[in-house]
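All chains are named by letter (A, B, ...) in the order of the sequence lines, taking the proteins before the strands, and each is independently numbered beginning at 1. Every heavy atom of this structure was used, including side-chain atoms; hydrogens, water molecules and symmetry mates were not. Just so you know, these numbers come straight off a predicted model, no measurement behind them.
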Number of protein chains: 2
Amino acid sequence: MSNSKLYKGSLNTIILKLLNEHDRMYGYEITQKVKAITKGELNITEGALYPALHKLEAEGLLDAEVVKADNRLRKYYKLTDTGSKETVNKLQELADYIKTMQTLINPNLV
Amino acid sequence: MSNSKLYKGSLNTIILKLLNEHDRMYGYEITQKVKAITKGELNITEGALYPALHKLEAEGLLDAEVVKADNRLRKYYKLTDTGSKETVNKLQELADYIKTMQTLINPNLV
DNA sequence: GCTTATGCATAGGAAAATTATGTATATTTG
DNA sequence: CAAATATACATAATTTTCCTATGCATAAGC
């Protein structure tokens, strides 16, 4: 995913957030979007992304639809209703985690 | 018992940062300090902490010293020179991670 | 005396990445 | 025009990192 191990555990949140903004996306598109937004800082590996998408689909948070474009197959994913609700939870969890870590590394500010 | 789970990769950063502030600490003390600072939000489990301490010691980032206090054994850890340098790196990585994630989840602010 | 707190340790297992492959088509470049 | 790169999805094997459960031992509180 990147040189820092800290990103472990954040992949699902990233996927859900992107799908919350963009209605529907396919896997490769997600990797490119993340790379663009983070200016190359974060590169999602395929070995991490595809299993994560399959799991989210199996859990009922995503729906998938295969579409043919430019003679190539794309598997588009979109949030289910459950997925939308879970996105809110994940984002709150991330915000809480960041807050906790900032408390720990910068106790003077508390 | 433990409320919000640790995000993978953050435990080492927490340990190094605490030892950077407090000169020397023992394992149990670290769990209590984290609990106190985060107001119970984050509870480091022993099954995570002790192996992490052993690994940091094996990597040469920490030195350990066993001390008898109140008829009980405490294993105090402190940063080595290498450990101090690595602390700076880990904190920078954490700052970068937070910045990147905020960019991803809050693109309007960019 | 029983429970909780203090203190360290490890075994077993789960979760979530990485690395390494595999398949296939399209486009760019030397 | 052949080779490299980009697009697109997928999985197997392994590693990292954490949690749960368990074990041992002493001290303090009720």
is_close_aromatic(Tyr97(B), Tyr7(A)), centroid dist under 6.0 Å: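 Yes: the rings meet the under 6.0 Å criterion.
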Identified side chain to side chain contact (heavy atoms under 4.5 Å, CB included) counterpart of Ile30(A) within the set Leu11(A), Leu18(A), Ile14(A):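 The residue from Leu11(A), Leu18(A), Ile14(A) that satisfies side chain to side chain contact (heavy atoms under 4.5 Å, CB included) with Ile30(A) turns out to be Leu18(A).
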Path from Val67(B) to Tyr50(B) over hydrophobic side-chain contacts below 4.5 Å: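 Yes.
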[X] [atom1] to [N] [atom2]: how many Å, rounded?
X: Tyr77(B); N: dG7(C); atom1: OH; atom2: P; value: 14 Å
X: Asn43(A); N: dA17(C); atom1: CG; atom2: P; value: 15 Å
X: Lys75(A); N: dT11(D); atom1: NZ; atom2: P; value: 8 Å
X: Ile44(B); N: dC8(C); atom1: CD1; atom2: P; value: 14 Å
X: Leu56(B); N: dC8(C); atom1: CG; atom2: C1'; value: 16 Å
X: Ile14(B); N: dT17(D); atom1: CD1; atom2: C1'; value: 13 Å
X: Glu65(B); N: dG7(C); atom1: CD; atom2: P; value: 16 Å
X: Met25(B); N: dG7(C); atom1: CE; atom2: C1'; value: 14 Å

What contact category does [X] fall into here, base, sugar-phosphate, or nothing, at under 4.0 angstrom with non-hydrogen atoms?
X: Lys68(B); answer: nothing
X: Ser10(B); answer: sugar-phosphate
X: Glu46(A); answer: base

Which nucleotide in the set [options] lies at the smallest distance from any side-chain heavy atom of [X]?
X: Tyr28(A); options: dA8(D), dT7(D), dG7(C); value: dT7(D)
X: Tyr26(B); options: dA6(D), dG7(C), dT19(C); value: dG7(C)
X: Ala48(B); options: dC18(D), dA9(C), dT17(D); value: dC18(D)

Lys/Arg N to Asp/Glu carboxylate O, Glu65(B) vs Arg24(B), below 4.0 Å: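 Between Arg24(B) and Glu65(B) there is a salt bridge, with a charged N closer than 4.0 Å to a carboxylate O.
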Pairwise salt bridge (charged side-chain N to carboxylate O under 4.0 Å, His left out) hits with a residue in residues 87-106 of chain A, at least two apart: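 The answer is none; no pair qualifies.
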List every contact pair, protein side and nucleotides 25-29 of chain D side both N or O, where the distance is under 3.5 Å.
residue	atom	partner	partner atom	Å
dT26(D)	O2	Arg72(B)	NH1	2.7
dA27(D)	OP1	Asn71(B)	ND2	2.6
dA27(D)	O4'	Arg72(B)	NH1	3.2

Quick check: do [X] and [Y] have side-chain heavy atoms less than 4.5 Å from each other?
X: Glu29(A); Y: Tyr76(A); value: yes
X: Arg74(B); Y: Val66(B); value: no
X: Leu19(A); Y: Lys78(A); value: no

First encountered from the 5' end of DNA chain D, between Leu73(A) and Gly47(A):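 Mapping each residue to its closest nucleotide by heavy atoms, the 5'-most match is Leu73(A).
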Phosphate-side-chain proximity, His54(B) and dC8(C), N/O vs OP1/OP2 below 4.0 Å: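 Looking at the OP1 and OP2 atoms of dC8(C), neither is under 4.0 Å from any side-chain N or O of His54(B).
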Tyr50(B) side chain near dC8(C) phosphate (N/O to OP1/OP2, under 4.0 Å):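 So the side chain of Tyr50(B) is within the cut-off, an N or O lying under 4.0 Å from OP1 or OP2 of dC8(C).
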Quiz item: Lys8(B) side-chain donor-acceptor pair to dA15(C) base, under 3.5 Å: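 Yes, a donor-acceptor pair under 3.5 Å.
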First encountered from the 5' end of DNA chain C, between Pro51(B) and Gln32(B):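 By nearest-heavy-atom nucleotide position, the 5'-most residue is Gln32(B).
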